[in-house]
2 protein chains.
Amino acid sequence: MADEAGVSRMTVSRVLRGGHLVRAPLQERVFAAVKKLNYRLNVSARALAGSGPSRVGLVYSNPSQAFLSELLTGALKESSKLGMQLTLTADADSHDRTSEIESLLRSGVTSFLLPSPACDAPDVLELLREAKARWVAISPANLEIHPFSVSADHFDIAGRMTARLIELGHRRIGFIAGDPASKGGAERLRGHLRAMASAGIAECPVEQGYFTFQSGLEATERLLKSTAACTAIIACNDDMAAAAISVAHRHHLNVPEDLTIVGFDDTPIASIVSPAITTARQPIAEMAQSAIRMLHAAAMAGEADENKRTQKVLPCTLIERESSAGPREQPLPEAALS
Amino acid sequence: MADEAGVSRMTVSRVLRGGHLVRAPLQERVFAAVKKLNYRLNVSARALAGSGPSRVGLVYSNPSQAFLSELLTGALKESSKLGMQLTLTADADSHDRTSEIESLLRSGVTSFLLPSPACDAPDVLELLREAKARWVAISPANLEIHPFSVSADHFDIAGRMTARLIELGHRRIGFIAGDPASKGGAERLRGHLRAMASAGIAECPVEQGYFTFQSGLEATERLLKSTAACTAIIACNDDMAAAAISVAHRHHLNVPEDLTIVGFDDTPIASIVSPAITTARQPIAEMAQSAIRMLHAAAMAGEADENKRTQKVLPCTLIERESSAGPREQPLPEAALS
DNA sequence: CTGAAAGCGCTTACAG
DNA sequence: CTGAAAGCGCTTACAG
């Protein structure tokens with residue numbers, strides 16, 4: 001490897017650790033060689049020689065399998081690239097959680113990946129702080145309390161979703177909010193309202209939902225009964241969007257001809273129901289990769305940047321499927337106006 | 001550590017690996033010292049010194065996320081326990097596949113986990129054999145060609161599913177087969193027919209399906225048209241079971257009151273449709289764990305057992321939900337007969 | 001059966 | 001900014 005790049009193994013090591021003290025041309029030679037040889041750092045050797053976090057603990061509590069698989073593939077790809085080893089821990093309840101973390105701590109793990117429910121638990125954070133461990137929170141409810149965090153940009157994607165519907169010609173757009181305790185749900189509502197305001201639309205019917213199919217059913221009924229009937233409904237997640245579709249069908253409304261319905265998260269139900277739901281995807285894999293990179297960088301920086309904080313927010317992707325279209329009473333297209 | 005026990009570190013190492021060539025008194029001294037010092041073997045050092053495969057490559061091609069997440073959690077848990085590192089590779093097509101494997105091989109990976117489509121590709125196996133790499137096939141189409149494999153017991157679970165329906169009182173049970181090219185599908189049919197035969201039921205209507213929703217629709221129509229109407233339908237996977245439910249509803253048959261419908265695999269659709277589908281779960285995580293353990297054991301055994309073969313078959317789990325019940329014209333319960 | 005030697009692939013700490 | 005040396009904790013292969 002060092003031969004391939006024409007440098008000493010020392011230089012290779014430095015480049016692979018961030019290469020702060022290596023000149024650009026040398027760095028490039030090393031990267032080229034890495035690529036050519038498909039070189040992978042030997043985790044065991046690194047761990048043995050004693051640098052960097054060689055093991056990172058990932059603590060998850062019953063997430064959806066879609067979420068988990070993306071999280072794992074993202075984390076695994078990045079960590080194998082950086083020569084870190086992932087150690088998994090699932091927990092059924094909060095008691096498991098702390099005891100699992102304690103045992104990881106005892107076995108020398110000092111870096112953690114904490115997806116949402118775990119990073120919101122005070123006892124977990126307490127434990128980690130005491131042990132002087134490092135963690136990055138993934139989609140935390142509260143950004144402020146975490147030195148490192150990665151989140152999806154719910155505000156932005158909700159705004160784009162609403163803007164898209166407005167662009168399709170919708171003006172009366174109903175919104176089914178998520179559980180009020182949810183940070184992501186609140187952000188989505190905020191993004192929606194901002195986009196409505198930007199378009200100069202004052203009337204914004206919002207009904208409270210709780211992310212469940214049942215709550216979606218009820219919220220949709222209320223929305224459809226309200227005086228000015230909507231031509232589009234934005235549900236704060238796919239389950240509620242699916243519920244909205246079923247209520248629409250019950251009322252003999254065709255989706256999307258009579259009513260556009262969209263959701264969020266791109267969960268399995270969004271592709272299974274008919275029509276397939278227009279929704280938005282969170283960049284879970286990228287979030288995990290980012291998180292691993294942050295852990296790595298932080299460990300490399302060492303004590304130096306002990307007070308550094310990083311909050312990363314990644315954009316979501318809009319996925320247009322069959323449940324959205326322009327409203328029946330289409331306003332004149334711009335071309336016709338000119 | 002060696003000092004504490006008054007022996008050489010070599011002896012310590014030998015004892016800790018099973019101590020076959022060490023005398024009892026020495027072994028006891030070592031164990032006592034281990035206990036006293038709370039000594040823990042350094043996995044990294046062991047891996048570095050070159051025992052066991054430290055890295056295993058996992059090659060997957062667009063599996064379902066549910067499958068992937070279980071496979072990864074299983075593989076990851078076991079490999080972190082054994083001090084092995086997992087390296088992931090996804091491929092979009094078969095060309096990717098071989099080139100990705102080649103690059104892993106070049107980087108020194110000699111142990112592979114090969115889930116189904118990859119382990120059935122002749123070019124992949126050819127590549128691996130040439131490189132003298134070791135692999136364990138997960139759910140291969142053909143067991144014979146793999147020295148190591150792990151599979152789910154489709155024959156057994158299908159038999160149990162059928163037996164359960166018979167126990168509920170069903171006699172006229174229709175079966176929608178899977179793609180004829182699928183090994184698992186064939187095994188399920190075989191298991192079903194065996195159970196029917198064991199119960200002395202001669203009439204076994206079987207319609208060909210292809211695992212798709214559409215094929216399930218058609219097969220169900222054919223099954224319902226056949227002279228002796230079934231009281232239960234076993235579809236070879238959940239998608240076809242969901243299709244069967246929708247056909248039943250179209251014919252104004254209530255599920256499960258008028259018709260029991262069951263599937264296999266416990267995919268998301270099974271819990272989303274109404275009624276939720278009775279199905280069976282494959283032990284994916286356990287299969288991955290087994291596979292990792294086999295890789296580890298094989299590497300430990302070394303050249304000695306070069307010709308050893310291991311085919312592991314794990315049982316599936318029956319999940320009874322809402323789509324199955326006894327038939328309407330319930331035969332007299334046994335108690336009433338006596 | 002037991003031990004002295006050499007090395008796994010990296011990194012730290014020390015020179016230039 | 002770059003490199004030569006020594007060592008992390010184990011194991012392999014070789015002597016006794």
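Proteins get letters first, then strands, A, B, ... in listed order; numbering begins at 1 in each.
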With sequence neighbours excluded, what pairs up with [X] under the salt bridge (charged side-chain N to carboxylate O under 4.0 Å, His left out) test?
X: B:Asp120; result: none
X: B:Arg281; result: B:Glu70
X: B:Glu78; result: B:Lys81, B:Arg293
X: B:Asp266; result: B:Arg321

message: Can you tell me which nucleotide in C:dC1, D:dT2, C:dC10 comes closest to the side chain of A:Arg23?
response: D:dT2
task: Tell me which nucleotide among C:dT11, D:dG3, C:dT2 gets nearest to the side chain of B:Thr11.
output: C:dT2
Between [atom2] of [N] and [atom1] of [X], the distance in whole Å:
X: B:Met10; N: C:dA6; atom1: CE; atom2: P; result: 16 Å
X: A:Arg9; N: D:dC8; atom1: CZ; atom2: P; result: 16 Å
X: B:Arg14; N: D:dA15; atom1: CZ; atom2: C1'; result: 11 Å
X: A:Arg29; N: D:dT2; atom1: CZ; atom2: C1'; result: 12 Å

Gap between atom CG of A:Leu76 and atom CG of B:Leu58 - 0.5 Å precision: 8.0 Å
Hey, can you pull the donor-acceptor pairs under 3.5 Å for the side chains in residues 140-148 of chain A, sequence neighbours left out?
residue  : atom : partner  : partner atom : Å
A:Asn142 : OD1  : A:Glu144 : N            : 3.0
A:His146 : ND1  : A:Trp135 : NE1          : 2.9
A:His146 : NE2  : A:Cys119 : O            : 3.2

- request: Name all stems that contain residues of DNA chain C, defined as runs of 3 or more consecutive Watson-Crick or G-U wobble pairs, both distances under 3.5 Å.
  value: C:1-3 with D:14-16, C:5-12 with D:5-12, C:14-16 with D:1-3
